[in-house]
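First listed ligand is number 1; within each ligand, the first listed atom is number 1. The shown structure was predicted, so the numbers you read here are calculated from the model rather than taken from an experiment.
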Amino acid sequence: MRVLVTGGAGFLGSYLCEALLAEGHSVIVADNFLTGRAANLAHLSHESRLELRWLDIIKPFDPGAVDYVFHFASPASPVDYMVHGVETLEVGSLGTFNCLEVARRYGARFFLASTSECYGDPLEHPQKETYWGHVNPIGPRSVYDEAKRFTEAATVAYRRYHNVDTRIVRIFNTYGPRLQLNDGRVVSNFMKQALRGEDLTVYGDGHQTRSFCYVSDEIDGFIRLSKSNEHLPVNIGNPNEFTILECAQLVLKVTGSKSKIRYEPLPQDDPKQRQPDITKARQLLGWEPKVGLETGLRLSLDYFQKAVAEEVAAS
Ligand SMILES: NC(=O)c1ccc[n+]([C@@H]2O[C@H](COP(=O)([O-])OP(=O)(O)OC[C@H]3O[C@@H](n4cnc5c(N)ncnc54)[C@H](O)[C@@H]3O)[C@@H](O)[C@H]2O)c1
């Protein structure tokens with residue numbers, strides 16, 4: 001197939017490109033490098049089936065005939081989407097329409113990268129796909145949460161009104177090599193602080209929970225869902241729940257760091273609990289994650305050590 005990946009120079013997009021190339025497809029990446037990096041795809045530069053296009057998808061664009069559109073473009077980390085709030089809303093709304101139009105024009109299938117943030121600060125735990133969420137529409141996180149909820153509504157509308165063949169994945173917190181060092185996500189924050197010998201910052205009392213999915217598991221889920229016939233949203237994430245404090249302690253163990261833990265006030269609208277119910281993915285796709293948190297942190301250690309060393313050398 002000839003496949004379009006928007007946001008392909010980002011963390012998840014770059015792994016998705018690898019997986020699609022490995023499946024034998026040709027891949028066009030559309031990315032404006034707002035939060036992505038060419039370095040994420042540098043190891044694929046010899047690959048003649050990969051084409052990288054500098055494109056801001058909030059403007060209409062035409063990649064030529066494609067068979068599948070994977071729409072991953074959007075700032076994703078809290079640091080990024082709070083700095084680029086308007087761009088996040090634009091790529092979720094205008095950008096999503098433009099991608100859906102490409103799929104409609106060429107009769108391509110469409111795969112949306114949505115998020116567990118659609119559930120907001122959930123009142124149901126763990127979160128099933130049937131839960132409609134608990135989101136503050138005007139809070140600081142709303143630029144991302146509401147943009148992603150809109151992407152789902154637009155995707156469902158193109159299916160309903162224009163017969164576009166769609167898939168929606170609700171991605172839960174994913175980590176691994178190529179996570180940006182300064183993106184404010186839990187794993188990158190802790191790894192960076194531990195490797196620099198700084199205090200690990202825990203917001204609130206650290207008893208709020210998160211689930212962490214290693215990137216290879218997450219991508220396996222995407223590929224399986226892309227081949228399935230399921231059109232309603234599917235959670236892909238690791239259901240093993242950790243408190244933020246437990247995660248901090250594991251990072252200290254894996255890095256061998258002597259850093260201490262420092263407590264700071266909880267940011268507004270920070271979810272207290274987040275855990276996917278993956279019954280649907282298990283039954284429908286035969287998918288479940290294989291990599292535990294400690295193993296995943298060990299697999300990421302080398303990358304974070306190099307990233308910290310590069311930052312130190314550049315400063
Ligand atoms: N990483 C996670 O844990 C996670 C969790 C839930 C959902 N997601 C979703 O997965 C997708 C990818 O996330 P990520 O972690 O790889 O983030 P990322 O920031 O690393 O990648 C996003 C990519 O989109 C590109 N982009 C942004 N705006 C664009 C525009 N207007 N035109 C073209 N390209 C644009 C960026 O340059 C970047 O390469 C996002 O849609 C995000 O909402 C990720």
Side-chain angles (χ1 to χ4, degrees), residues 4-18 28-41 52-61 63 69-99 102 111-120 127 141 143-152 155 168-188 210-215 217-219 221-222 225 233-238 271 274 276 289 296 300:
L4 173 69
V5 179
T6 73
F11 166 56
L12 290 177
S14 63
Y15 284 97
L16 177 64
C17 289
E18 273 172 32
I28 304 161
V29 168
D31 204 298
N32 68 351
F33 298 98
L34 181 68
T35 56
R37 292 174 294 168
N40 286 341
L41 295 171
L52 185 53
R53 293 193 192 175
W54 191 102
L55 261 178
D56 189 336
I57 63 155
I58 71 165
K59 299 192 189 85
F61 66 100
V69 176
F70 287 81
H71 179 32
F72 276 65
S74 169
S77 79
V79 166
D80 286 337
Y81 65 68
M82 291 207 196
V83 172
H84 303 294
V86 171
E87 291 88 340
T88 303
L89 285 162
E90 284 176 337
V91 75
S93 54
L94 302 171
T96 301
F97 275 132
N98 290 331
C99 294
V102 168
F111 185 103
L112 173 68
S114 183
T115 170
S116 57
E117 299 292 336
C118 289
Y119 300 123
Q127 294 82 53
R141 303 172 75 104
V143 288
Y144 183 65
D145 300 3
E146 296 295 8
K148 296 308 265 192
R149 286 165 69 95
F150 181 86
T151 62
E152 291 199 7
T155 300
I168 299 174
V169 62
R170 290 199 182 132
I171 304 169
F172 283 66
N173 207 352
T174 305
Y175 70 99
R178 291 184 218 152
L179 258 192
Q180 288 178 65
L181 201 55
N182 296 308
D183 70 4
R185 290 188 244 206
V186 179
V187 168
S188 33
R210 294 289 184 278
S211 64
F212 303 93
C213 191
Y214 189 66
V215 63
D217 282 332
E218 193 70 37
I219 300 292
F222 298 166
L225 177 59
V234 179
N235 291 337
I236 298 286
N238 193 317
R274 205 39 97 48
S300 311

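Residue Arg170 holds its CZ atom at 8.5 Å from CZ of Phe172, rounded to the nearest 0.5 Å. Summarising the geometry, atom OG belonging to Ser300 is positioned 4.5 Å from atom OH belonging to Tyr214; distances are rounded to the nearest 0.5 Å. The line from CG of Asp31 to CG of Leu41 is 8.0 Å long, rounded to the nearest 0.5 Å. The distance from the OH atom of Tyr175 to the OG atom of Ser188 is 12.5 Å, given to the nearest 0.5 Å. Here Leu179 contributes atom CG and Arg185 contributes atom CZ; the two are 5.5 Å apart, rounded to the nearest 0.5 Å. Distance check, rounded to the nearest 0.5 Å: SG of Cys99 to CD1 of Ile58 gives 11.5 Å.
The distance from ligand 1 to the heavy atoms of Gly36 drops below 4.0 Å at these ligand atoms: 36 (C), 37 (O), 38 (C), 39 (O). Atom numbering of ligand 1 starts at 1 in the shown order; those under 4.0 Å from a heavy atom of Phe33 are 37 (O). Taking every heavy atom of Asp56 and a limit of under 4.0 angstrom, the matching atoms of ligand 1 come to 30 (C), 31 (N), 32 (N). Near Phe72, the atoms of ligand 1 lying under 4.0 angstrom from a non-hydrogen atom of the residue are 11 (C), 12 (C), 40 (C), 41 (O). Taking every heavy atom of Ala9 and a limit of under 4.0 angstrom, the matching atoms of ligand 1 come to 39 (O). Listed by number with element, the atoms of ligand 1 under 4.0 Å from a non-hydrogen atom of Asn173 are 3 (O). The ligand atoms of ligand 1 that sit less than 4.0 angstrom from a heavy atom of Val91 are 28 (N), 29 (C), 30 (C), 31 (N). Heavy-atom contacts of Leu55 reach the following atoms of ligand 1: 32 (N), 33 (C) (cutoff under 4.0 Å).
Between Leu4 and Phe61, the closest side-chain pair of non-hydrogen atoms falls below 4.5 Å. Counting heavy atoms from C-beta on, the side chains of Pro276 and Gln127 never come closer than 4.5 Å.
Counting only non-hydrogen atoms, the option in Ser116, Ala76, Ala73 that gets closest to atom 13 (O) of ligand 1 is Ala76. Among Asn40, Leu94, Ile57, the residue whose heavy atom sits closest to atom 32 (N) of ligand 1 is Ile57. In the candidate list Val29, Asp80, Asn32, Asn32 is nearest to atom 34 (N) of ligand 1, counting heavy atoms.
The single protein non-hydrogen atom nearest to atom 19 (O) of ligand 1 is Thr35 OG1, 2.6 Å, given as residue, atom name and distance. Closest protein heavy atom to atom 20 (O) of ligand 1: Phe11 N, 2.8 Å. When only non-hydrogen protein atoms are considered, atom 3 (O) of ligand 1 lies nearest to Thr174 N, 2.9 Å. Atom 22 (C) of ligand 1 has its closest protein heavy atom at Ser74 O, 3.2 Å. Ranking protein heavy atoms by distance to atom 21 (O) of ligand 1, first place goes to Gly10 CA, 3.3 Å.
The shortest N/O to N/O separation between Ile171 and ligand 1 does not fall below 3.5 Å. Between Asp31 and ligand 1, an N or O atom pair is found at a separation short of 3.5 Å. For ligand 1, one of its N or O atoms has an N or O atom of Leu12 under 3.5 Å away. For ligand 1, the polar-atom distance check against Leu34 finds a nitrogen or oxygen pair separated by under 3.5 Å.
Residue Ser114 places a heavy atom less than 4.0 Å from ligand 1. Under a 4.0 Å heavy-atom criterion, Tyr144 is in contact with ligand 1. Put simply, part of Arg185 is less than 4.0 Å from ligand 1, judged by heavy atoms. Not a single heavy atom of Gly95 sits under 4.0 Å from any atom of ligand 1.
Taking the six-membered ring where tryptophan is involved, the planes of Phe70 and Phe72 are tilted, since the angle between them lies from 30° to 60°. Between Tyr144 and Tyr81, the angle of the ring planes stays under 30°, which puts this pair in the parallel group of the 30/60° scheme.
Contacts of Lys148 with ligand 1, taken as heavy-atom pairs under 4.0 Å, involve the side chain alone.
Between the side chain of Asn173 and the backbone N or O of Phe212, no donor-acceptor pair lies under 3.5 Å.
Not a single salt bridge (charged side-chain N to carboxylate O under 4.0 Å, His left out) links Asp56 to another residue, sequence neighbours left out. Annotation: side chain to side chain donor-acceptor pair (under 3.5 Å) contacts of Thr155 (sequence neighbours excluded): none.
Between Arg149 and Glu146, at least one side-chain nitrogen of the basic residue sits less than 4.0 Å from a carboxylate oxygen of the acidic one, meeting the salt-bridge criterion.
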